Amino acid sequence: MQNYFQGNFKHPQHFSVGVILINDKNEICCHHFVDDQLKGYWPDLGINDLYILMRKTIDPGENLDSSVKRGLMEEFGAEAEIIDYLGSIKSHFKDKDIEIEKTTVYFVCKLISQDLSKRSNEDIEGKSNVEWQTANFLIPKMKKQSKKYDRTDIDESEILERFEKQLSRLT
């Protein structure tokens with residue numbers, strides 16, 4: 001079955017869910033790709049130092065909550081509770097000469113448990129280093145990497161800044 005949420009040549013719009021997964025210290029779980037972990041995935045960009053949050057393409061027939069739950073387990077081996085909705089980010093990037101418009105809706109989730117051995121190796125995210133960082137660490141890194149690689153889809157600083165403004169209300 002074709003996934004109509006996945007951007008492609010015939011349908012260049014992409015829709016996914018994203019998560020700011022926080023622990024008891026309000027640190028944020030993220031992917032950190034280093035060296036050749038992205039080789040074969042974004043080979044044309046030569047990316048070798050990249051931070052991103054959990055983002056998952058929704059499957060046909062799947063609701064947002066289920067997609068969040070699936071994404072957290074596949075990417076971080078985590079179970080969490082959704083505690084807030086933060087809005088969305090729209091980005092544009094080229095993939096094999098196709099201009100893709102990607103909309104990602106973001107949720108804040110509070111960590112319940114994590115077992116990295118439960119991560120899926122089917123997607124590129126299963127090859128990342130999983131790290132816990134602060135928003136203040138991630139925001140400038142994401143802005144810099146977006147400019148360096150000329151891809152707005154790898155700059156999630158806007159949603160992290162929104163999270164920082166709402167943090168006192170969330171915790």
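This one's a predicted model, so the numbers in the text were calculated from it and none came from an experiment.
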Under 3.5 Å, is there a donor-acceptor pair between the [X] and [Y] side chains?
X	Y	result
Thr152	Asp155	no
Tyr51	Glu156	no
Glu131	His32	yes
Ser117	Asp115	yes
Arg119	Ser128	yes

With a 4.5 Å cut-off on side-chain heavy-atom distances among I, L, V, M, F, W and Y, is there a chain of contacts connecting Met54 to Leu116?
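Yes; tracing contacts between hydrophobic side chains, which count when under 4.5 Å, links both residues.
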Less than 4.5 Å apart, any side-chain heavy atom of [X] and any of [Y]?
X	Y	value
Lys102	Lys90	no
Leu111	Cys29	no
Leu21	Ile28	no

Is the closest basic N to carboxylate O distance between Asp49 and Lys141 below 4.0 Å?
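Between Lys141 and Asp49 there is no salt bridge, as every charged N stays at least 4.0 Å from the carboxylate O atoms.
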For a side chain to side chain donor-acceptor pair (under 3.5 Å) check, start with the C-alpha distance between His92 and Glu99, then their side-chain angles and the critical distance, and finish with the verdict.
CA-CA 7 Å; His92 296 85; Glu99 186 72 27; 5.5 Å; no
Run the side chain to side chain donor-acceptor pair (under 3.5 Å) check on Ser16 and Thr104 step by step: do they pass?
CA-CA 5 Å; Ser16 61; Thr104 306; 3.0 Å; yes
If only atom types and distance count, is the side chain of Asn23 paired as donor or acceptor with the main-chain N or O of Asn26 below 3.5 Å?
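The answer is yes, because a donor-acceptor pair under 3.5 Å joins these two groups.
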